[in-house]
Amino acid sequence: MIKNAFKRALWVYHINTGGCNGCDIEIIAALTPRYDAERFGIKLVGSPRHADVLLVTGPVTAKMEDKLKRVYEQTPDPKVVIAVGNCGASTGVFHNSYSIRGPIDKIIPVDVYVPGCPPRPEAIIHGIAKAWEKLEGKK
Amino acid sequence: METIMQIVFVPIGIASLGLILSLIFKGIDRRIAARFQARVGPPLVQPFRDIMKLMLKETIVPENCVRWVYESAPIIALVGSLMLLLYIPMGPFNAPLGNFGDLILVLYLFTIPSLAMVAGGFASGNPYATIGAQREMVMMMSYELPLAMLAAATAWKVTSFSIAKISSTVIWSTVGPLGLVGILLLLVVVLSVAPAELVKIPFDAPEAETEIAGGLLVDYSGRNLALFYLSDAVKSFAFASLIVALFFPFKLGTTIWGEFLWFLLKVLIVMIVSVTTVRVAAARLQIDNIAGYYWKPIALVSLAALALIAIDTAVVI
Amino acid sequence: MLESYSGYWYPLVFVSVFLILSFIVYILSRVFFSSAHKKGEQAKPFLSGNKETEKVHIPASSIYWGFIKALRGYYDVIIPFHTGNINDYMGAFIIVLAIVLTVVEVLT
């Protein structure tokens, strides 16, 4: 019973590493009454120390590189990183830009990719639900 | 032997039962808040799932914290909240330690979890936590005055601070018509103190989630976070039980378990009116607005209530 | 046992129940929850990902700025009143004493 606890109580911390805010708006939309992520137990928290899931958006700019690494390390185990949007998976429209340090998986290990520019809120919720299967494998 | 039974086993039993009831009430509160917002909301057992999930997370202790305060503050917060359940009578059951403590002690016990959170926030060694802790301190300085006037007014007419005695002499019957208005005003005052006591919106500036990254609890994770979460749930249940015991101690006259269910229903209604409805209807207030709100309008209303009860007493005599 | 005209409190019972419950909560919290294994920058304070820079010192009286801002009207009157001159304080003391004595005289 305790092993299934993660399935229905995922706490999410959202960090934007320099993107255009499109994916951030879709993440917030996923928590509104229309899509209502809270009925699955998903809650947005204010500090990575409370979080199980790191929702990372945007390509990683030069200034955000070490901050992203620090936030990743400050999240307690077991944790899952979800890269939301095309910029996170492959630097999207910012390909070969001078200030981009690469897609997210060059900085921190990513477990789930949610592609789209921006992805629909249902896709984001589906990605967070897939994160449970990853967490199950990590224990 | 009887004192050992009273001091060891009964508190442990009531504390465990109170924990489970408080978490169920917290789940009901979240579900009803979601329905008010046209959402479906989490299932009723969601707080249990949150606690079980926190059991699987690791507990990180930041390196520039004051270690002994940081580790002991959550324990003191939870034990302080659990002790509250032992002094408040719940429906047909007398408080197990009701003969050993009165209303003044209960009001002081309500400050222990908040003070433990303040101490834990200051000891976290994080500027976000310091801001949250100082806001909680200012809020406590503001809402304690109306609560003290409430205690004075209820004990004045009943001539005793014992909660069992206040429950049995129903306070509405000890005053005339002017005094009834006064006691109604006191009820309004205590229902507006409730969200500040329990750090809920619109008075959750100390724990502002998006503004100061979680406020007091920013550096807490795993075990300590679970203890603070539990203490918050138990404090909500205890404060609503106190309001019911002081203002609505009416009995139905049925079996013992029927009386207890009636008591739980009254606690649920008080919690919905004072915490849930206000939580979904209002936005967060700034800390100087909160201090101004409690020192100016609410203090004046409770002074007016005391004056009405005094006039009522003078006129009758 | 501490007793006043209408209130009562047994501190010994309170302290003993408090200690027993906190002991049980301590044991249960250590058994059911797990601790962290040290790695990397895990234990640094969370500053939205920034490194810890030099320490800033602020006075402790800035902690209750919200309180002072809310009661600004009161503080604007009372702070200039404290001039530091002992004659002013004695004058205020005598005036308040006179008012209190007249009120007590009228009421009784």
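In the text below, chain A, chain B and the rest are named by the order of the sequence lines, each starting its count at 1. Heavy-atom basis, side chains included; hydrogens, waters and symmetry copies ignored.
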Check whether any side-chain N or O of C/Lys69 sits under 3.5 Å from a backbone N or O of B/Ile287 as a donor-acceptor pair, and report yes or no.
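Side chain of C/Lys69 to backbone of B/Ile287: no pair is present.
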
Where is the tightest heavy-atom contact between [X] and [Y], given as atom of each residue plus distance?
X        : Y       : answer
C/Phe14  : B/Tyr87 : CD1-OH, 3.6 Å
B/Ile12  : C/Ile24 : CD1-CD1, 3.2 Å
B/Asp102 : C/Tyr8  : OD2-N, 3.0 Å
B/Gly292 : C/Ala70 : N-CB, 3.3 Å
B/Val138 : C/Gly66 : CG1-C, 4.4 Å

Part of [X] lying under 4.5 Å from any heavy atom of chain C:
X        : answer
B/Leu103 : neither
B/Ile290 : neither
B/Lys165 : neither
B/Phe122 : side chain
B/Ile131 : neither
B/Leu97  : side chain
B/Tyr128 : side chain

C/Val17 versus chain B, heavy atoms under 4.5 Å apart: side chain, backbone, both or neither?
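The answer is both parts of C/Val17.
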
[atom1] of [X]: more than 12 outside heavy atoms within 6.0 angstrom?
X       : atom1 : value
C/Ile78 : CD1   : yes
C/Arg72 : CZ    : yes
C/Tyr89 : OH    : yes
C/Tyr75 : OH    : yes

With a 4.5 Å cut-off on heavy-atom pairs, point out which of B/Asn64, B/Asn224, B/Asn289, B/Val61 contacts chain C the most.
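Between B/Asn64, B/Asn224, B/Asn289, B/Val61, the count favours B/Asn64.
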
At what distance, to the nearest 0.5 angstrom, does CG of B/Leu78 lie from CG of C/Leu21?
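Here the rounded value is 8.5 Å.
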
Contacts under 3.5 angstrom, residues 97-108 of chain C side chains, donor-acceptor by atom type, not counting sequence neighbours:
unit_1, atom_1, unit_2, atom_2, d
C/Thr102, OG1, C/Ala98, O, 2.6
C/Thr102, OG1, C/Ile99, O, 2.9
C/Thr108, OG1, C/Val104, O, 2.8

Could you check C/Phe33 against B/Leu227 for side-chain contact (heavy atoms from CB on, under 4.5 Å), going step by step and ending with a plain yes or no?
CA-CA 11 Å; C/Phe33 295 85; B/Leu227 290 176; 5.7 Å; no

Quick one: are C/Phe18 and B/Ile76 in side-chain contact, heavy atoms under 4.5 Å?
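Yes - at least one pair of side-chain heavy atoms lies under 4.5 Å apart.
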
Test side-chain contact (heavy atoms from CB on, under 4.5 Å) applied to C/Phe67 and B/Met137, step by step
CA-CA 10 Å; C/Phe67 187 80; B/Met137 244 173 47; over 6 Å; no

